[in-house]
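It should be emphasised that the depicted structure is a prediction, and the values quoted were computed from it without experimental measurement. Quick note on labels: first sequence line is chain A, next is B, and so on, each numbered from 1.
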Amino acid sequence: MSDEFIPPRGTLDWLPARQAARHAMLDAFRAICDGSGYSEVATPVFEEKALFSRTAGESSEVVGKEMYLFEDQGERVLALRPEFTASLMRLYLGNGMSREAQPVRVWCAGSCYRYAAVQRGRYREFTQVDAEAIGSDDPAVDAELIALQLRWYAALGLEGVELRINTIGDKGDREPYLAVLRAYLDAHIDQVDDEIRRQRDLNPLRAFDTKDPASQKVMADAPKIADHVSEAAQEHFAAVRSFLDARGIDYTVDPTLVRGLDYYCRTTWEVAWPELGAQSGIGGGGRYDGLAESIGGPATPGVGFASGVERVLLALEDQGRLPATTGGVDAFFAIFADAARPELHALLDQARDAGVRCEADLAGRAVKGQMKQADRIGAAQTVVCGDDEWARRVCLVRDMTSGEQVDVPFDGLVEFLVNAKG
RNA sequence: GUGGGCGUAGCUCAGCUGGUGGUAGCUCCUGGUUGUGGUCCAGGCGGUCGUGGGUUCGAGUCCCAUCGCUCACCCCA
């Protein structure tokens, strides 16, 4: 309570139960990616600030005010990564991966950092899983990634997730559309709230996300970007949908779905679990065909998604579907003869080497307390050694289910425990 | 960054219009069973009432500030 140090705001300690659940979630993601031809990579937790500001765009909140920035002793301006996509594109471009068979499909998982107001499901240090396919503009790749993301949720047992998709066209479609949208906003400027007026110049697309009822009414009739995209982009979107339809994936086409990072184009999507409240978005992604050029690379198509592990974990907890922790031990050593402890702890390690999961009392418990502890941790066998057994160089091994007890000599103990384990 | 709610034992929580911190539940430890778990019974450990000020004869209770959690705005994973 009044401890001197507490974790920094927006960070989490991971206690055994939740850490085990998180680990199981990442294992599931790894298995699904492996099975789909995605290879794991890792990138630094910090990068040059410009990598993020150039790709995500200065107008995005993430870059504008949420990045953790610092300068190192070499006066380099660095940022803790707010997301993975830019780093993965940098990795692709900087390691000659454009010469490999395309598309290059990678995934990673790790901590990201954003300085935002802390809320349930929104932390300043949070964990993302991310998968990207770089080097193909095939709509089948967009659909493959959406399917991959949904397969993860399904594997975790998460129910009730909702997929929304949209197309926001190509870069060339953006400015003409934004001009149309601004003209519409200007025509209704007295009916929308201040926030929309403030965003009018820099990020007018955000107007679609408004929660203000009057503004929502106005935006319902606003020109939608999907109606102002190139024919090629429309065809691409139709193809993506056909790949989703053939898989039987449920989705809603949401013409107002706009994502917050500037590099997106064409397909965008979001997956939500609505009961999570304000932070209901558990993952999202999209295509980013212009991203490579923004960091000095050749034109390279790409598509990918990220999903927030903490949010998915919260959803699983709410649904009572936390991955079970692998508890239980095979044997507990209850040693009442102090003189026997060194030799028996050595035997205990030999048993561990043989694959028997075991522990001994380390709290100075009395006999009853040690038995209770053996029961509490779910030990299948309890190895008892008191003065009598020590003198005879045997242990009394108690089967905790049947209650049967047998003497086992020290030199046969490991073998006995291995056999008892089955 | 802006509002609302909440901070009492390791956990879950009582505590009324200010008047001695709870035989509270769970957990933990010990004993009943001189060396044997799960059930039961008994006992025990455990609190600067988030923190710092203020009002008052007296503050867990009222006021201010601060930190944390939480809900919403915002943003997004």
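- A/T11 meets the side-chain contact (heavy atoms from CB on, under 4.5 Å) test with A/P7, A/P8, A/E125; sequence neighbours excluded.
- Across the strands present, B/C45 finds no partner; the criterion is a Watson-Crick or G-U wobble pair with both atom distances under 3.5 angstrom.
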Donor-acceptor contacts under 3.5 Å from residues 283-292 of chain A side chains, at least two apart:
unit_1	atom_1	unit_2	atom_2	d
A/R287	NE	A/D142	OD1	3.2
A/R287	NE	A/D142	OD2	2.9
A/R287	NE	A/H236	NE2	3.4
A/R287	NH1	A/S136	O	3.0
A/R287	NH1	A/D289	OD1	3.0
A/R287	NH2	A/S136	O	3.3
A/R287	NH2	A/D142	OD1	2.6
A/Y288	OH	A/E132	OE1	2.5
A/D289	OD1	A/G302	N	3.3

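- In this structure, the CD atom of A/E275 is 13 Å from the P atom of B/A72, given to the nearest Å.
- The ring-ring contact (aromatic ring centres under 6.0 Å, His included) check on A/Y184 picks up A/H188, with sequence neighbours excluded.
- For the ring-ring contact (aromatic ring centres under 6.0 Å, His included) test, residues two or more places apart in sequence or in another chain that qualify with A/F29 are A/W107, A/W152.
- Pair assignment for B/G35 gives none, since no Watson-Crick or G-U wobble pairing has each distance under 3.5 Å.
- No contact: A/Q370 has no heavy atom under 4.0 Å from any strand.
- Judged as a salt bridge (Lys or Arg N to Asp or Glu O under 4.0 Å), the pairs with a partner in residues 341-350 of chain A (not counting sequence neighbours) are, in order, A/E343-A/R393, A/D349-A/R352.
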Check: protein-nucleotides 28-32 of chain B nitrogen or oxygen pairs below 3.5 Å:
unit_1	atom_1	unit_2	atom_2	d
B/C28	OP1	A/R376	NE	3.4
B/C28	OP1	A/R376	NH1	2.1
B/C28	O5'	A/R376	NH1	3.4
B/C29	OP1	A/R365	NE	2.8
B/C29	OP1	A/R365	NH2	3.4
B/C29	OP1	A/R376	NH2	3.3
B/C29	OP2	A/R376	NH1	3.3
B/U30	OP1	A/A366	N	3.1
B/G32	N7	A/K368	NZ	3.2
B/G32	O6	A/K368	NZ	2.6

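- Comparing the P positions of B/G15 and B/U27 gives a spacing of 24 Å, expressed to the nearest Å.
- Atom C1' of nucleotide B/G37 and atom CD of A/Q405 are separated by 11 Å, given to the nearest angstrom.
- With rounding to whole Å, A/Q128 atom CD is found 9 Å from B/C76 atom C1'.
- Looking at which nucleotide of RNA chain B each of A/P7 and A/C385 is closest to, the 5′-most match is held by A/C385.
- Remark: A/Y113 pairs with no residue by the ring-ring contact (aromatic ring centres under 6.0 Å, His included) rule, at least two apart or across chains.
- Straight-line distance between the C1' atoms of B/C29 and B/G68: roughly 31 Å, to the nearest whole Å.
- Rounded to a whole Å, the CH2 atom of A/W269 is 12 Å from the P atom of B/A77.
- Cation-pi geometry between A/R164 and A/W269 is not met at under 6.0 angstrom from the ring centre and within 45 degrees of the axis.
- Spacing of C1' atoms, B/G18 relative to B/G60, comes out at 10 Å, to the nearest Å.
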Please assess A/E404 against A/R398 for the test salt bridge (charged side-chain N to carboxylate O under 4.0 Å, His left out), listing each intermediate value before the final yes or no. CA-CA 6 Å; A/E404 286 172 27; A/R398 178 180 176 86; over 6 Å; no
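- For B/G46 and B/A9, the P atoms lie 15 Å apart once the distance is rounded to whole Å.
- Checking B/G35, B/C76, B/C69 against every side-chain atom of A/E389, the shortest atom distance belongs to B/G35.
- Pairing for B/C11 is with B/G25, a Watson-Crick or G-U wobble pair whose two hydrogen-bonding atom distances lie under 3.5 Å.
- A donor-acceptor pair shorter than 3.5 Å cannot be found between the side chains of A/R105 and A/S36.
- Nearer the 5' end of RNA chain B, as judged by each residue's closest nucleotide, is the contact made by A/D387, out of A/G308 and A/D387.
- Look at CD on A/E66: it is 10 Å from P on B/C75, rounded to the nearest Å.
- Remark: A/R114, A/A117, A/Q119, A/R120, A/G121 in residues 107-121 of chain A come within less than 4.0 Å of RNA chain B through at least one heavy atom.
- Contacts of residues 148-158 of chain A with RNA chain B (heavy atom under 4.0 Å): none.
- The nucleotide B/U51 finds its pairing partner in B/A65, both defining distances of the Watson-Crick or G-U wobble pair being shorter than 3.5 Å.
- You can call A/F126 stacked on the base of B/A77; the centres are under 5.5 Å apart and the planes sit within 30°.
- The listed nucleotides are B/G1, B/G35, B/G37; the one nearest the side chain of A/R122 is B/G1.
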Got a list of side-chain donor-acceptor pairs under 3.5 Å for residues 375-386 of chain A, not counting sequence neighbours?
unit_1	atom_1	unit_2	atom_2	d
A/R376	NE	A/Q373	OE1	3.0
A/R376	NH2	A/Q373	OE1	2.6

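- Among the protein residues, A/D130 comes within range of no part of the nucleic acid, since none of its heavy atoms lies under 4.0 Å from any strand.
- Annotation: B/G19 and B/G7 have their C1' atoms spaced 24 Å apart (nearest Å).
- Looking at A/F84 and A/Q128, their side chains come closer than 4.5 Å, going by heavy atoms from C-beta outward.
- For B/G37, its base sits under 3.5 Å from the side chain of A/R398 at one donor and acceptor pair at least.
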Begin from the C-alpha positions of A/R182 and A/D186 and carry the test salt bridge (charged side-chain N to carboxylate O under 4.0 Å, His left out) through to its verdict. CA-CA 6 Å; A/R182 287 198 183 97; A/D186 290 345; over 6 Å; no
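- Within the 4.0 angstrom heavy-atom criterion, base atoms lie near A/V384.
- Take A/T256 and apply the side-chain hydrogen bond (donor to acceptor under 3.5 Å, both in side chains) test, not counting sequence neighbours, and it matches A/D254.
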Side chains of residues 413-422 of chain A: which donor-acceptor pairs under 3.5 Å do they make with residues two or more places apart or in other chains?
unit_1	atom_1	unit_2	atom_2	d
A/N419	ND2	A/E415	O	3.3
A/K421	NZ	A/G355	O	3.0

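- With a cut-off of 3.5 Å on both Watson-Crick or G-U wobble distances, the partner of B/G1 is given as B/C73.
- In this structure, A/Q279 places its CD atom 8 Å from P of B/A72, rounding to the nearest Å.
- When the P atom of B/C67 is taken as reference, atom CZ of A/R9 falls 9 Å away, rounded to whole Å.
- Remark: C1' of B/C75 and CD1 of A/I282 are 18 Å apart, rounded to the nearest angstrom.
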